[in-house]
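Scroll down for the structure; my scribbles are underneath it.
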Amino acid sequence: MLTPASRATKPDPADLLTWYDRHRRDLPWRAKPGEPVDPYRVWLSEIMLQQTTVAAVQPFYRRFLERFPTVSALAEAPVEAVMQAWAGLGYYSRARNLHACAKAIVEKHGGHFPATEAELLTLKGIGAYTAAAVAAIAFDQPAAAVDGNVERVLSRLFMIEEPLPKAKPLIRELTQDLVPVERPGDFAQALMDLGATICTPKRPACALCPWMKPCRARAEGLQETFPRKIRKESGQLRRGAAFVVLRADDSILLRTRPPQGLLGGMAEAPTSAWEPDYEPSRAVLDAPIEARWQRLPGVVRHVFTHFPLELTVLLAKVSRSTPAPDDMRWTSRRELHEEALPGVMKKVIAHALGDLPTPPTKPAPTRRKRSAAEGETS
DNA sequence: GAATCGTGGTC
DNA sequence: TGACCAAGATT
């Protein structure tokens, strides 16, 4: 039994909604008060925002929506165009699933998103969080959308000692209990805005928090120590070689990676295998064609979620008549920006050729000078 | 349940 | 500067 002195105040959803009405963020995918909600935009933004910051998503979201304004426009587009529009945003299976989901919406749901969590869950790329978020935000269903922000807010509010991810079921229950019957969509967004702007991972602005009083972690001064987590070690460094072939007609050799797995379906300069004990001095043995290979000084460093990578870059210049090996193709430098090049491959090409001609309007820069001291691109 | 899956920003 | 983090899903 709790004594009156030890009983904490229960957080009131109304206090959070009042705070939200004053401090809500103005985001491009967020309907303004009174405006109709477009489920397509809500869904698109939620997929893009998975493990991705608001700042990183914004330019991609705007470009993507311009190119694919409706779910049917997206469904009718070739998957290659979708991958290209996603290039640089990361987690590329999201793009493939997004396209598959759009087709399912058109073909199985008459072009309309289902309004319930259960139905949304059956669609590709939509898991527990996204189903709840779309149901709440687009259809005003009382669903508990629990993302990283909500986990942090709730773990502090209730001072949950159980570390993540084991605490997820409990957090979900506690969140569901807080979801109000009225304005559940705003409540979901308010909770995330609170986590993003007030209840931040470091130095939370508790003094500005509408839930400061009921927050148990705050009462103990331990707010920064929540949520509890078990941190996992970073993966082992892998090395490899990347081969940039520049043909006399100013095109370079590319291939498309297999649809599944790391960087699935994305374009790349041919590379060796990536392994911890790769020996760069033997890289020429892995080259895609016979040529006079020049090993460039420095390496391209890149960090994936589960391992860091170091690529040695080899450059070769070949004649205009050189054919592309099977499963490879030539792409002119001028049209390189139309390829679905992931970030690491942009680094590789920039390392070999100088800056990428991503903005088509910029004049092609001359080959970048490189000294032994200055050779590392990170 | 543990691994896999990108990238950019922050401190 | 390296660890951590960001509106997670899939296998």
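Side chains are part of it too, since the values below use all heavy atoms of this structure and drop only hydrogens, waters and symmetry mates. In what follows, chains are A, B, ... by sequence order, proteins preceding strands, each numbered from 1.
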Nearest whole Å is fine: how far is [N] [atom2] from [X] [atom1]?
X: A/Phe304; N: B/dC5; atom1: CZ; atom2: P; answer: 9 Å
X: A/Lys346; N: B/dT7; atom1: NZ; atom2: P; answer: 9 Å
X: A/Glu224; N: B/dC11; atom1: CD; atom2: P; answer: 12 Å
X: A/Leu121; N: C/dG8; atom1: CG; atom2: C1'; answer: 12 Å
X: A/Glu233; N: B/dA3; atom1: CD; atom2: C1'; answer: 12 Å

Students often get this wrong, so: under 4.0 angstrom with heavy atoms, is [X] touching a base, only sugar-phosphate, or nothing?
X: A/Leu27; answer: base
X: A/Thr130; answer: sugar-phosphate
X: A/Trp86; answer: nothing
X: A/Ala188; answer: nothing
X: A/Lys124; answer: sugar-phosphate
X: A/Ile47; answer: nothing
X: A/Arg30; answer: base
X: A/Gly261; answer: sugar-phosphate

Checklist entry - Within a reach of under 6.0 Å around CD of A/Gln260, are more than 12 heavy atoms found that belong to other residues, nucleotides or ligands? => result no
Checklist entry - Do other residues, nucleotides or ligands put more than 12 heavy atoms under 6.0 Å from A/His23 NE2? => result yes
In whole Å, what separates the [atom1] atom of [N] from that of [M]?
N: C/dC5; M: C/dT1; atom1: C1'; result: 16 Å
N: C/dA6; M: B/dC5; atom1: P; result: 22 Å
N: C/dA7; M: B/dA3; atom1: C1'; result: 22 Å

Could one point to a donor on the side chain of [X] or the base of [N] with an acceptor on the other under 3.5 Å away?
X: A/Arg25; N: C/dA7; result: yes
X: A/Thr305; N: B/dG6; result: yes
X: A/Ser234; N: C/dG2; result: no

Among the nucleotides [options], which one has an atom lying closest to any side-chain atom of [X]?
X: A/Lys229; options: C/dC5, B/dG6, C/dA9; result: C/dC5
X: A/Asn97; options: C/dT10, C/dC5, C/dG8; result: C/dT10
X: A/Lys202; options: B/dC11, C/dA7, B/dG6; result: B/dC11

Next on the checklist: Judged by each residue's nearest nucleotide on DNA chain B, which is more toward the 5′ side, A/Lys166 or A/Thr52?
Outcome noted: A/Lys166
Checklist entry - Of A/Pro165 and A/Val303, whose nearest nucleotide on DNA chain B comes first from the 5' end? => result A/Pro165
Next on the checklist: What I'd like to find out is whether the side chain of A/Leu296 reaches to under 4.5 Å of the side chain of A/Val244, using heavy atoms alone.
Outcome noted: no
Any [X] side-chain nitrogen or oxygen under 4.0 Å from OP1 or OP2 of [N]:
X: A/Tyr92; N: B/dT7; value: yes
X: A/Gln51; N: C/dG8; value: yes
X: A/His302; N: B/dT7; value: yes
X: A/His306; N: B/dC5; value: yes

Assess the side chains of [X] and [Y]: does a donor N or O sit below 3.5 Å from an acceptor N or O?
X: A/Tyr278; Y: A/Thr312; answer: no
X: A/Glu46; Y: A/Thr130; answer: no
X: A/Arg334; Y: A/Ser251; answer: no

Next on the checklist: Whether the side chain of A/Arg239 engages the backbone of A/Trp274 through a donor-acceptor N/O pair (distance < 3.5 Å, no angle test) should be reported.
Outcome noted: no
Item to check | Upstream residue (5' side of DNA chain C) when A/Gln260 and A/Leu49 are each assigned their closest nucleotide | outcome: A/Leu49
